[in-house]
Amino acid sequence: MTAVVQAEGLTKYYGKRRGLEDLTLEIQPGEVFGYLGPNGAGKTTTIRLLLDVIRPTRGHVRVLGGGSREAAVRGRIGYLPGELALEGRERARDYLEFLGRVRGGVPRARVDALAERLNADLSVPMRKLSKGNKQKIGLIQAFMHEPELLILDEPTGGLDPLVQQEFLTMVREVRTAGRTVLMSSHVLAEVEHVSDRVGIVREGRLIAVENVAALREKAVRRIELHFDAPVPAEEFAGLPGVRDLRVTGAAVRCTIDGRPDALIKAAARHTVVHLVSAEPDLEEIFLTYYSDEERHDDRQESA
Amino acid sequence: MIAKSLRDYRRSLIGWAIGLSAFMMMYLGVYSSIKQSPDLYGAQAMAKFPGALKDLMGGLQDFTSGAGYLQSVVYQLFVPFLFIACAMLAANRAIAQPEEAGTLELIVTLPIDRKRLVLDRFAALALGLLAVAAVTLLVTWVMAEAVGIGVTFDRILAAHTGVLLLGLFFGTVTLAVGAATGRRALATTVVGGWALLGYVVVTIGKSVEAIAWLKWVSPFHYYAEGQPLYQGLPVGDYLVLAGATAVLALTAVLAFDRRDVGV
């Protein structure tokens with residue numbers, strides 16, 4: 001299968017300022033790829049290069065088997081810009097209709113269905129839309145022609161939690177249909193639930209590409225167990241993977257590296273009345289990449 | 001895409017057409033009173049104007065004749081400059097303004113060739129200006145008939161074609177600078193500077209030998225030199241304007257196709 005996105009040594013300088021350095025990346029069909037990094041790391045630069053908004057200083061990128069300089073290739077992509085600007089007296093519906101016509105026609109019913117799902121009002125002049133409502137219009141125009149590749153730059157910015165959930169459902173549907181999504185974010189939590197892989201970019205360089213399932217496997221998990229009677233601390237001490245153990249009367253609190261199996265089996269000997277398992281904090285792992293990198297940088301500087 | 005651009009232009013172009021028409025009605029409307037008092041506005045009275053100012057106004061000869069009045073108040077200074085301003089504002093909306101506002105980013109990712117995008121926007125600009133020119137031509141002609149200016153329609157048409165070509169030329173300069181750089185302020189400065197200096201060169205500069213040769217790069221030379229109100233359509237001059245416009249439009253297309261958008 002040919003990759004949907006194939007970047008090789010992709011580099012972009014704005015004058016002397018580095019935007020992106022030597023990006024090599026493949027994204028496969030049907031994959032949801034989370035592209036992560038702090039603001040100014042090079043996410044938007046990468047995305048603009050993929051869409052031929054800007055041109056690389058060095059390197060190549062192929063999108064959907066062609067070059068995005070070809071209008072026909074761009075027709076198969078849906079794009080949500082990171083800084084979406086919508087203005088003027090024009091109503092959102094008219095603007096979407098115009099975009100749909102340029103894209104070769106989009107059924108009105110599909111636009112309406114998307115608007116309903118995202119709870120977007122299309123009858124308002126665009127300059128009167130709030131940031132969140134503009135973002136909804138941006139999402140509608142990216143999804144409405146059912147593109148093979150969706151490129152979404154910070155898609156959840158400004159959306160309220162309910163709409164965010166609906167958006168994530170839409171992304172999952174796209175993946176189920178075998179289409180591909182590249183979405184950027186500066187917070188892992190926003191993309192970890194839908195992404196198959198995440199790439200981490202920092203200061204213009206892609207520093208890690210990780211499978212989310214594998215990342216979760218490695219993740220640190222906080223667990224809280226409550227029993228009907230006080231339990232002896234030594235039964236839980238020294239279990240494989242258990243760290244930061246605190247036993248207070250009938251409650252056991254700890255963090256788990258990897259699988260919680262040993263802890264569960266130890267707990268099973270008592271009567272468990274309540275169990276709390278916090279979501280694995282991928283953010284923490286994510287941050288260790290950064291701090292590793294920083295340490296690395298420090299070493300270089302001191303050398 | 002052309003239709004969409006025209007829709008975006010609609011409000012401002014209608015405004016300009018109304019404004020220009022009102023201007024012409026007002027100025028042409030007072031012609032009848034000027035005609036009746038030639039001593040007040042005649043050659044002798046005009047001689048009192050300082051020479052440089054007179055030059056700047058295109059000489060102000062023959063203010064009381066119909067053609068002379070029409071030339072002085074309409075086609076000499078005010079209407080061409082207003083029309084240039086209108087063209088410049090409209091042309092800035094093609095690339096530079098949406099680029100600075102950030103709305104162009106989404107447009108260039110649509111399945112339209114970038115060359116095509118610039119060409120479409122140029123076509124919309126030309127059509128929009130044509131519409132404004134047509135409306136104001138009609139108003140000028142009706143007013144000229146009403147107050148008895150005594151200039152035939154084909155002469156007015158010839159002069160008005162010049163206004164359109166001049167406006168389109170400067171509009172295309174705006175478009176080209178905007179397409180090449182994405183900066184509205186720069187495009188405005190270039191057009192404003194070129195138009196002002198170009199005008200000065202063909203008026204005051206005519207008698208200053210050191211800068212007289214500059215008239216060849218002044219669009220106003222090709223606009224006014226043929227005296228269309230008196231001589232009819234100056235085909236050669238107008239072809240120079242149209243040709244230069246075509247070259248600039250092509251420059252805009254090629255420049256925009258090559259560069260990064262919105263950085």
Side-chain angles (χ1 to χ4, degrees), chain A residues 12-15 17 19 44-45 47-57 63-64 66 68-91 94-105 126-127 134 137-138 141-142 145 147 149 151 153, chain B residues 1-16 89-90 92-121 123-124 128 178-184 186 253-263:
Chain A
K12 177 68 184 176
Y13 277 82
Y14 303 104
R17 193 163 56 86
T44 299
T45 297
I47 283 173
R48 286 184 172 156
L49 284 166
L50 295 184
L51 284 147
D52 192 47
V53 175
I54 56 176
R55 310 278 163 71
T57 311
V63 180
L64 294 167
S68 49
R69 195 174 278 213
E70 298 160 37
V73 170
R74 291 202 299 274
R76 295 155 62 197
I77 305 175
Y79 173 45
L80 174 72
E83 289 155 41
L84 180 68
L86 299 171
E87 55 176 33
R89 289 185 183 83
E90 203 174 12
R91 289 180 310 150
D94 297 332
Y95 189 60
L96 288 172
E97 227 163 70
F98 155 71
L99 294 174
R101 261 200 313 279
V102 177
R103 291 196 174 279
M126 287 195 296
R127 60 176 174 178
K134 278 187 186 170
I137 305 300
Q141 63 81 28
H145 54 295
L149 170 62
I151 298 181
D153 195 356
Chain B
M1 187 51 82
I2 298 179
K4 157 82 175 158
S5 305
L6 280 175
R7 253 205 329 271
D8 292 346
Y9 287 157
R10 190 176 50 194
R11 253 166 200 278
S12 94
L13 288 185
I14 289 175
W16 277 99
L89 291 175
N92 259 330
R93 297 174 76 139
I95 302 287
Q97 190 173 329
E99 181 163 356
E100 285 180 359
T103 54
L104 190 65
E105 181 170 351
L106 194 55
I107 301 297
V108 295
T109 62
L110 292 171
I112 320 167
D113 196 61
R114 278 210 203 172
K115 295 190 182 99
R116 178 70 196 279
L117 177 70
V118 179
L119 273 182
D120 281 0
R121 299 238 152 148
T181 66
R183 308 212 188 287
R184 187 157 48 136
L186 182 62
V253 167
L254 294 177
F256 188 62
D257 196 41
R258 301 171 68 91
R259 74 173 172 94
D260 294 352
V261 170
V263 290

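Residue numbers start from 1 in every chain, and the chains themselves are labelled A, B, ... in the order their sequence lines are given, proteins ahead of strands. The figures here come from the full heavy-atom set of this structure, side chains too, leaving out hydrogens, waters and symmetry mates.
For chain B, the nearby part of E90(A) is the side chain; its heavy atoms alone come within less than 4.5 Å. Proximity to chain A (any heavy atom under 4.5 Å) is restricted, for R11(B), to the side chain, taken from C-beta onward. With a threshold of 4.5 angstrom between heavy atoms, Y14(A) approaches chain B through side-chain atoms but not through N, CA, C or O. For I107(B), the part lying under 4.5 angstrom from a heavy atom of chain A is the side chain only. The part of L84(A) that comes within reach of chain B is its side chain, from C-beta onward, which places non-hydrogen atoms under 4.5 angstrom from that chain.
Two residues are said to be in side-chain contact when any heavy atoms from C-beta on lie closer than 4.5 Å; D94(A) and R7(B) fail this criterion.
K12(A) has a carboxylate O that lies under 4.0 Å from a charged side-chain N of D260(B), or vice versa, which qualifies the two as a salt bridge.
Atom-to-atom distance recorded for R55(A):CZ and D257(B):CG is 6.0 Å, nearest 0.5 angstrom. To the nearest 0.5 angstrom, T44(A) atom OG1 is 8.0 Å from E105(B) atom CD. Interatomic distance, NZ of K4(B) versus CG of L99(A), reported as 7.5 Å (0.5 Å rounding). In this structure, CZ in F98(A) is found 8.0 Å from CG in D8(B), a value given to the nearest 0.5 Å. Separation of atoms NE2 (H145(A)) and CG (L110(B)) is listed at 8.5 Å; rounding is to 0.5 Å.
Smallest separation of non-hydrogen atoms from T109(B) and R103(A): O-NH2, 3.9 Å. Shown here for A85(A) and G102(B), the closest heavy-atom pair between the two residues is CB-C, 3.6 Å. Shortest non-hydrogen contact noted between A71(A) and D113(B) is CB-N, 3.9 Å. Between V53(A) and R114(B) the shortest heavy-atom distance is O-NH2, 3.1 Å. A pairwise comparison of heavy atoms in I54(A) and V261(B) identifies CG2-O, 3.9 Å as the closest pair. Scanning both residues, G262(B) and R48(A), for their nearest heavy atoms gives O-NH1, 4.1 Å.
More than 12 heavy atoms of other residues, nucleotides or ligands lie within 6.0 Å of CZ in R101(A), so this atom counts as buried by the packing criterion. At most 12 heavy atoms of other shown residues, nucleotides or ligands fall within 6.0 angstrom of atom CZ in R116(B).
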